[in-house]
Amino acid sequence: MNPAAQIWVDADACPVAIKEVLFRAADREQVQVTLVANQWLRTPPSRFVRAIQVPGGFDVADNEIVQRVSADDLVVTQDIPLASAVIAKGALAMHPRGELYTADTIAQRLGMRNFMDELRGAGVDTGGPSAFHPRDKQAFANQLDRWLTRRRQAR
């Protein structure tokens with residue numbers, strides 16, 4: 001793993017609790033955390049945390065992340081196509097609930113996403129995601145700690 005690997009956050013839909021975990025990790029581990037969104041974001045005063053505001057529009061933030069991400073970086077996103085694109089570039093992608101997307105699982109996730117889109121397009125109420133719980137935050141923190149440990153060992 002590249003010891004200079006950093007964290008990119010698809011911040012428009014990232015839960016506040018997850019951003020807080022990332023902000024603490026940024027200072028503790030001295031890892032760059034960059035939030036990308038099409039709106040202004042408040043970030044804590046830290047030399048390891050920054051925000052990039054992109055213009056509004058379909059996939060503008062996602063495209064910015066894909067353009068800037070490097071191999072071994074970590075991207076935090078709920079967006080399956082974005083996760084697929086960063087995995088193709090050699091980066092890692094993780095859902096804010098702690099699920100690590102891999103090259104082995106992303107094709108299945110894309111297929112399910114497309115199937116659900118078709119159902120919604122046909123007027124079927126597919127419901128939404130379940131509420132974000134403390135156990136989701138803990139699962140994310142655990143997965144993040146594993147990534148940070150690998151990064152630390154690469155130094």
Side-chain angles (χ1 to χ4, degrees), residues 1 5-46 48-54 56 58-62 64-66 69 72-88 91-153:
M1 171 180 275
Q6 59 183 303
I7 301 171
W8 296 90
V9 183
D10 182 8
D12 285 320
C14 186
V16 171
I18 296 306
K19 290 176 192 169
E20 291 169 353
V21 168
L22 290 166
F23 295 157
R24 285 192 302 275
D27 284 326
R28 183 182 72 240
E29 298 290 331
Q30 298 184 352
V31 59
Q32 182 67 51
V33 173
T34 304
L35 289 80
V36 181
N38 59 22
Q39 58 190 340
W40 181 83
L41 296 169
R42 179 183 304 262
T43 59
S46 169
F48 299 106
V49 178
R50 66 184 174 134
I52 298 173
Q53 184 177 355
V54 298
F58 187 70
D59 286 344
V60 176
D62 297 353
E64 186 74 19
I65 292 170
V66 171
V69 74
D72 293 332
D73 285 355
L74 175 65
V75 175
V76 179
T77 184
Q78 297 180 49
D79 187 288
I80 303 299
L82 172 57
S84 179
V86 300
I87 288 169
L92 298 174
M94 184 171 36
H95 191 283
R97 293 178 189 253
E99 176 189 357
L100 190 63
Y101 302 113
T102 67
D104 295 333
T105 62
I106 199 65
Q108 176 186 354
R109 293 297 306 244
L110 274 169
M112 181 57 74
R113 175 198 172 272
N114 293 339
F115 174 69
M116 297 301 277
D117 277 350
E118 288 176 20
L119 286 176
R120 284 188 290 275
V124 176
D125 181 9
T126 58
S130 59
F132 192 79
H133 291 285
R135 71 178 172 270
D136 298 318
K137 177 181 172 183
Q138 187 61 52
F140 177 85
N142 292 343
Q143 193 69 258
L144 177 63
D145 281 344
R146 286 191 279 280
W147 183 82
L148 290 167
T149 298
R150 287 193 304 275
R151 181 181 176 272
R152 195 177 318 114
Q153 292 170 346

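One is the number of the first residue; the rest follow in order along the sequence. What you see below is based on every heavy atom in this structure, not just the backbone, and it leaves out hydrogens, waters and symmetry mates.
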Show me the donor-acceptor pairs, under 3.5 Å and distance only, between side chains in residues 10-23 and residues at least two apart or in other chains.
unit_1	atom_1	unit_2	atom_2	d
Asp10	OD2	Thr77	OG1	2.9
Asp12	OD1	Asn38	N	3.2
Asp12	OD2	Asn38	N	3.4
Lys19	NZ	Ala11	O	3.4

inquiry  = Does any part of the side chain of Trp147, heavy atoms only, come nearer than 4.5 Å to the side chain of Ile7, both counted from C-beta?
reply    = yes

Exercise: identify the closest heavy-atom pair between Ala5 and Asp73 = CA-OD1, 3.4 Å

key: Contact summary for Asp79 and Leu82, nearest pair of heavy atoms   = OD1-N, 2.7 Å

request  = Would you indicate whether the side-chain heavy atoms of Val86 and Tyr101 approach each other to under 4.5 Å?
outcome  = no

request  = Verify side-chain contact (heavy atoms from CB on, under 4.5 Å) between Gln30 and Phe48, making sure each step is shown before the conclusion.
outcome  = CA-CA 6 Å; Gln30 298 184 352; Phe48 299 106; 3.5 Å; yes

query = Can you list the steps and then say if Glu64 with Val60 is a side-chain contact (heavy atoms from CB on, under 4.5 Å)?
reply = CA-CA 6 Å; Glu64 186 74 19; Val60 176; 5.8 Å; no

task = Return the minimal non-hydrogen interatomic distance between Asp27 and Ser46, and the atom names on each side.
result = OD1-OG, 2.6 Å

request  = Please report the shortest heavy-atom distance between Val69 and Ala91, naming the atom on each side.
outcome  = CG2-CB, 3.6 Å

ask   = With a 4.5 Å heavy-atom cut-off, do Phe132 and Lys137 have their side chains touching?
value = yes

query = Short question: side chain of Asp59, backbone of Asp62 - any donor-acceptor pair under 3.5 Å?
reply = no

Short N-O contact, Arg152 and Glu29, less than 4.0 angstrom = yes

inquiry  = Strictly distance-based, threshold 3.5 Å: is any side-chain N or O of Asp136 a donor or acceptor partner for the main-chain N or O of His133?
reply    = yes

Close side-chain approach of Met94 and Glu99, heavy atoms under 4.5 Å = no

inquiry  = My understanding is that only residues two or more places apart in sequence, or in another chain, count here; which of them pass salt bridge (Lys or Arg N to Asp or Glu O under 4.0 Å) with Arg28?
reply    = Asp145

inquiry  = Just so I know, are the side chains of Leu74 and Trp8 near enough to count as touching, which here means a heavy-atom distance under 4.5 Å?
reply    = no

query = Do Gln6 and Thr34 come within less than 4.5 Å of each other through their side chains, counting heavy atoms only?
reply = yes

Contact summary for Pro96 and Phe140, nearest pair of heavy atoms = O-CB, 3.3 Å

key: Note, Arg97 side chain near His95 side chain (heavy atom, < 4.5 Å)   = yes

inquiry  = Contact between Val31 and Leu148 at the side-chain level, heavy atoms closer than 4.5 Å - yes or no?
reply    = yes

key: Exercise: identify the closest heavy-atom pair between Ala51 and Thr43   = CB-CG2, 3.9 Å

message = Between Arg150 and Leu92, is the side-chain contact (heavy atoms from CB on, under 4.5 Å) condition met? List the steps.
response = CA-CA 12 Å; Arg150 287 193 304 275; Leu92 298 174; 3.7 Å; yes

